[in-house]
Number of protein chains: 2
Amino acid sequence: MNTKARNTQTTKERIIEAADDLFYQKGYEFTSFADIADEVKISRGNFYHHFKTKDDILGAVISHRMNKTKKMLKEWEDESKDAEGRIRCFIHILIANYAKIKLYGCPVGTLTTELAKLDHASQEDANQIFTLFRKWLSNQFKELGLKKEADSLAMHLLALSQGVATMATAFPSEAYVKQEVNHMNEWLRQQITNHSNN
Amino acid sequence: MNTKARNTQTTKERIIEAADDLFYQKGYEFTSFADIADEVKISRGNFYHHFKTKDDILGAVISHRMNKTKKMLKEWEDESKDAEGRIRCFIHILIANYAKIKLYGCPVGTLTTELAKLDHASQEDANQIFTLFRKWLSNQFKELGLKKEADSLAMHLLALSQGVATMATAFPSEAYVKQEVNHMNEWLRQQITNHSNN
DNA sequence: GTCTATAGATTGATAGAC
DNA sequence: GTCTATCAATCTATAGAC
C-alpha cells in the first residue's frame, strides 16, 4: 500500500493517505480526527494546520483517489495493447483486491452510497471517480467497434463489478468472485464476437 | 410507507419503523437517538424504556426487515404461479423502488456494507436478509429445472440488482434502470430457453 | 510546523419524579 | 410509560505557546 518511505512524505501527504485508508475501511462518518491523528502519529491540534475541516480532508482524499485511478488506468493502457485486454485488467481488480473487498467492499461504490445517505456536498466529486471508469471503459468498447452501445456496456460492466463486490462482502468466497469474473470475461468475448459477425 | 394509523401502533413499533426508515435514509452510524426520538415525537429518555442500547434497536430493525421481506416473498408467490413470473417480481423492485434507490441505494446492500466497515456484531444478522432472497431465488430457479446452477444464478441476479442500485445512486436515471431490467428479463428468458433445449 | 489546552456541541446512556 | 435533568465520553474545531 504505502511503499514510500515515511520521511520522504510531507505530513499533509501522510494525513491524506491515512485518511484514504481509514475512510475506506471504517467509512467517512465513523472515522474521527483522532483516528487519523493516531495513525499519522501527530496531535489533533496539528491537524488543523493542514486541513481546516473534515470536509477538506474528504476533498483531498477524493482528489488523491482521482489521481491514483488515472494512474492505474494509464498503467492498464500500457499493459495491454488491445482493448479487450485492457477491459480484462479492469475485471481482474475484483480478484486482485479480493482480500480488501470482502472486508470493506469497493472503495468507489461504498463512498458514493455513504455520501448519498449523508447528503454530502462532495457526493458529486466522489461520483467523478465512477465517471473516470465509465468513460475509460466506454472508450475501450468504442475501440472494439462497439460505438453505439459503448456507454451502456460500460455501465453494465460497472454495475456487475459493483454488485459482485457487494455480494462478496456479504458472502465472502473467492470461488464465487472467480466464477463471476469468468462470467464477465465470457460476456466480453461474446460482445466482441457478436459484433464482428454482424 | 406507514399506512397503519399511528394510534393503532405501540410506541415500540413506532420506534422500530422510524429507525428502519432513518437507518435506510441516513445510515445506521449517522442516525442518533435524538433523530429517532424527534421522528417518533417522544423524549430521548423514554427511549431507554423500550431499548437498552442502540444495538438493540438495530437488532429489532433487522428482525423487522426480515419479516417484511418474508411477507413480500410470499406475496410474489401468490402473485405469480410460474417461477419465471416470480423472479420477474424480484427484478421489478428496481423500478418500483427507483425513487428511493436513487437517493439511498438498496436497503439490504447498503446496511450490509456499512456494518462490515463498522465490524459490527449484527453484520451476520443483516446478511440473513440477503440469504432470504438468495434461497428464495435459488428455489425459483430449481423450479425452472435449473437445479445444478440454481444458487449461482441466484447470486448472479442478486449481484446484478445490487450493482444497478449502486450505479443508479451515482448516476440517477430511470431510463438506465429500465434498460438493465430489460436486460435481466432477457437473460432470465435465455436461461430457461437454453435449459429446455438441452 | 508541532504541540497542549480547551471550547462548545452532541453522542449514548442513567436516575428519578410523575 | 413518559418525562426532565444530568452524566461521562467523544466529536469537530479554536487559541495560543514554543
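Atoms considered below: every heavy atom in the structure, side chains included; atoms not considered: hydrogens, waters and symmetry mates. Numbers restart at 1 for each chain; the letters A, B, ... are given by sequence-line order, proteins then strands.
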task: Might you work through the side chain to side chain donor-acceptor pair (under 3.5 Å) test for B:S43 and B:N46, ending with a clear yes or no?
output: CA-CA 5 Å; B:S43 71; B:N46 189 3; 5.2 Å; no
Is [Y] paired with [X] through a side-chain N to carboxylate O contact shorter than 4.0 Å?
{"X": "A:E174", "Y": "A:K102", "value": "no"}
{"X": "B:K26", "Y": "A:D119", "value": "no"}
{"X": "A:K71", "Y": "A:E75", "value": "no"}

query: What residue pairs, at least two apart or across chains, pass ring-ring contact (aromatic ring centres under 6.0 Å, His included) with a residue in residues 109-134 of chain A?
result: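 For residues 109-134 of chain A: A:Y28-A:H120, A:F90-A:F133.
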Contact list for residues 168-190 of chain A, test ring-ring contact (aromatic ring centres under 6.0 Å, His included), sequence neighbours left out: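 Those involving residues 168-190 of chain A are A:H156-A:W187, A:H183-B:H156.
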Euclidean distance, atom [atom1] of residue [X] to atom [atom2] of [N] [Å, nearest integer]:
{"X": "B:H50", "N": "C:dT14", "atom1": "NE2", "atom2": "C1'", "value": "16 Å"}
{"X": "B:I36", "N": "C:dA13", "atom1": "CD1", "atom2": "C1'", "value": "14 Å"}
{"X": "B:F51", "N": "C:dT14", "atom1": "CZ", "atom2": "P", "value": "15 Å"}
{"X": "B:E13", "N": "D:dG1", "atom1": "CD", "atom2": "C1'", "value": "15 Å"}
{"X": "B:F47", "N": "C:dT11", "atom1": "CZ", "atom2": "C1'", "value": "13 Å"}
{"X": "B:R14", "N": "D:dG1", "atom1": "CZ", "atom2": "C1'", "value": "12 Å"}

task: Apply the test ring pair (Phe, Tyr, Trp, His ring centres under 6.0 Å) to residues A:F30 and B:F30: give CA-CA distance (whole Å), side-chain angles for both, the deciding distance (0.1 Å), then the verdict.
output: CA-CA 8 Å; A:F30 197 55; B:F30 198 55; over 10 Å; no
field: Pairs touching residues 156-169 of chain B that satisfy salt bridge (Lys or Arg N to Asp or Glu O under 4.0 Å), sequence neighbours left out
entry: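 Checked against salt bridge (Lys or Arg N to Asp or Glu O under 4.0 Å) - neighbours excluded - no pair reaches residues 156-169 of chain B.
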- prompt: So, is B:H49 near the phosphate of D:dG1, with a side-chain N or O under 4.0 Å from OP1 or OP2?
  reply: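 Yes, because at least one side-chain N or O of B:H49 sits under 4.0 Å from OP1 or OP2 of D:dG1.
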message: Is there a side-chain contact between B:T11 and the phosphate of D:dG1, meaning an N or O under 4.0 Å from OP1 or OP2?
response: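 Looking at the OP1 and OP2 atoms of D:dG1, neither is under 4.0 Å from any side-chain N or O of B:T11.
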Any residue of residues 110-123 of chain A with a heavy atom less than 4.0 Å from an atom of DNA chain C: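 Correct list: empty, so none.
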query: Does B:Y104 have any ring-ring contact (aromatic ring centres under 6.0 Å, His included) partners at least two apart in sequence or in another chain, and if so, which?
result: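 If we apply the ring-ring contact (aromatic ring centres under 6.0 Å, His included) test to B:Y104, skipping adjacent residues, the hits are B:Y24.
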Using the 3.5 Å cut-off, write out each protein N or O paired with an N or O of nucleotides 9-16 of chain D and the distance between them.
residue: D:dC11; atom: OP1; partner: A:S32; partner atom: OG; Å: 3.3
residue: D:dT12; atom: OP1; partner: A:K54; partner atom: NZ; Å: 3.3
residue: D:dT12; atom: OP2; partner: A:F33; partner atom: N; Å: 3.0
residue: D:dA13; atom: OP2; partner: A:K54; partner atom: N; Å: 2.9
residue: D:dA13; atom: N7; partner: A:Y48; partner atom: OH; Å: 3.0

